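Following: one structure in structure tokens, then a few remarks.
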Amino acid sequence: MTAMSAVILPLYVSILSLIFGYDEAELVFVGDAMQHSAQLDAARSGKSSYDYSNCFESLPPCVAEADFAIANLETPVGKPPYTGYPCFNAPTQFARALTDAGFDLFLTANNHTLDRGAAGIDATIATLDSMGVHHIGTYISDSARVHALPKIINLNNIKIGFLNYTYGTNGITPSKGKVVDYIDRDIIKADVDSARAAGAELIAVCIHWGDEYVLLPNKKQQHTADFLEAIGVDLIIGGHPHVIQPMEFRPNRYYPEKNIFLVYSLGNFISNMKTPDTRGGALAKIKIRRNDDNAVQIVEAGYKLLFTVPGTSPKSNYKVMEASKVDDPAWKSKADTFIKRAKAIFDKHNIGVAECTE
């Protein structure tokens with residue numbers, strides 16, 4: 001770039017911004033969307049039909065209002081029989097309800113993705129494709145992965161690359177040519193480079209890692225996060241522990257001109273886990289914007305606490321809502337305990353990330 005163009009380009013972008021407004025977008029991430037047996041029982045509306053229509057009606061408006069919302073789909077979906085833990089499989093209606101609630105991208109690389117083997121991979125991908133919803137993390141073949149990646153989404157003229165990896169699949173090995181994206185530094189680096197070469201201005205890595213039920217990240221998570229930061233990843237969004245873990249929003253230590261948003265774990269989004277810590281989770285809300293020098297930057301990051309409340313009878317659905325709005329007497333004290341424990345972790349360990357006020 002010449003000295004003259006270095007002066008003119010930011011001025012040109014600034015003028016366009018004044019006339020048309022900045023390119024900006026809002027992203028929302030939630031944690032693990034699970035289906036335990038009690039949830040399946042509650043949603044069953046007939047011999048082979050399921051209704052999840054009211055599970056997500058009390059979500060914060062920011063999910064539906066976001067330019068792009070992402071959830072970890074921690075179960076195969078598609079063909080019966082449908083089962084909960086330890087070998088998950090959920091009906092198509094579950095994925096449909098999540099889509100209707102406003103989710104645009106499903107992450108499928110997690111430790112339960114092979115619970116139904118190769119057939120489960122096929123059924124899940126066929127289901128999501130039939131719904132026209134984005135998904136990453138598992139593929140029916142090597143060639144399908146090559147075709148699917150890099151996954152770049154254009155949001156309000158901002159190109160964002162999304163990638164998804166898991167630490168493992170509960171000892172089950174992919175068969176019949178199916179592909180699961182495991183955490184492998186060489187593969188991740190190649191994928192990040194490919195996304196950047198294809199025009200991604202921001203890169204999000206969604207990663208399944210860590211120790212279950214532990215409220216702080218382990219050393220392996222920290223080392224992996226450091227590697228991702230060093231290769232220029234902008235958003236690192238973690239899941240798997242089934243409880244919340246700290247968040248950081250700060251300048252990248254290797255590229256100080258860039259901000260990074262790191263979440264070690266968003267916890268559960270919806271589940272039938274029993275303890276207050278596992279009954280709740282966090283929603284991460286991020287704003288990105290193109291600045292005066294035409295670079296895309298993360299400019300805001302915050303969280304909301306969510307809590308899953310079972311129905312009042314065996315046949316009424318589980319419902320996700322803001323934890324502070326739980327008023328069912330049977331669950332309010334548990335929600336309050338979750339809030340207290342989550343905020344104790346966030347207040348002590350978060351860097352630059354506070355609770356959203358709207």
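Given the structure is predicted, the values throughout are model-derived calculations rather than measurements. Hydrogens, waters and symmetry mates play no part in the numbers below; they use all other heavy atoms, side chains included.
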Determine whether the side chains of Asn110 and His208 contain a donor N or O and an acceptor N or O closer than 3.5 Å.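 No - no donor-acceptor pair under 3.5 Å links their side chains.
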Tell me, with the steps shown, if Met321 and Leu306 meet side chain to side chain contact (heavy atoms under 4.5 Å, CB included). CA-CA 5 Å; Met321 62 182 66; Leu306 306 176; over 6 Å; no
Phe269-Phe29 aromatic ring centre distance below 6.0 Å: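 No, the ring centres sit 6.0 Å or more apart.
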Would you please name every residue forming a salt bridge (charged side-chain N to carboxylate O under 4.0 Å, His left out) with Asp115, sequence neighbours left out?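 If we apply the salt bridge (charged side-chain N to carboxylate O under 4.0 Å, His left out) test to Asp115, skipping adjacent residues, there are no hits.
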Would you list the pairs meeting side chain to side chain donor-acceptor pair (under 3.5 Å) in which at least one residue belongs to residues 296-310, sequence neighbours left out?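 The answer is none; no pair qualifies.
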Tell me which pairs pass side chain to side chain donor-acceptor pair (under 3.5 Å) where either residue lies in residues 77-96, with sequence neighbours left out.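 Every pair satisfying side chain to side chain donor-acceptor pair (under 3.5 Å) with a residue in residues 77-96: Thr83-Arg116.
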With sequence neighbours left out, write down each residue that passes side chain to side chain donor-acceptor pair (under 3.5 Å) with Asp191, or none if nothing qualifies.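 For Asp191 the side chain to side chain donor-acceptor pair (under 3.5 Å) partners, ignoring immediate neighbours, are Arg145, Tyr165.
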Name all residues meeting the side chain to side chain donor-acceptor pair (under 3.5 Å) criterion together with Glu229; count only those two or more places apart in sequence or in a different chain, and write none if there are none.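 Arg250, Arg253.
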Using the ring of each side chain (for Trp, its six-membered ring), is Phe249 parallel, tilted or perpendicular to Phe261, with breaks at 30° and 60°?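 It falls in the perpendicular class, over 60°.
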Answer whether the closest heavy-atom distance between the side chains of [X] and [Y] falls below 4.5 Å.
{"X": "Ser194", "Y": "Lys189", "value": "no"}
{"X": "Asn157", "Y": "Lys159", "value": "no"}
{"X": "Lys178", "Y": "Asp122", "value": "yes"}

Using ring pair (Phe, Tyr, Trp, His ring centres under 6.0 Å) as the criterion, list what pairs up with Phe94, not counting sequence neighbours.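 Partners of Phe94 by the ring pair (Phe, Tyr, Trp, His ring centres under 6.0 Å) criterion, ordered by chain and then number, come out as Tyr52.
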Check whether Gln245 reaches the backbone of Leu216 with its side chain - one donor and one acceptor, N or O, closer than 3.5 Å.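 Yes, because the side chain of Gln245 sits within donor-acceptor range (under 3.5 Å) of the backbone of Leu216.
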Using the side-chain hydrogen bond (donor to acceptor under 3.5 Å, both in side chains) rule, pick out the option among Asp277, Asp336, Thr275 that qualifies with Arg341.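 In the set Asp277, Asp336, Thr275, the residue that makes a side-chain hydrogen bond (donor to acceptor under 3.5 Å, both in side chains) with Arg341 is Asp277.
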Determine whether Tyr182 and Thr169 satisfy the following criterion, side chain to side chain donor-acceptor pair (under 3.5 Å), listing intermediate values before the conclusion. CA-CA 9 Å; Tyr182 295 103; Thr169 46; 2.8 Å; yes
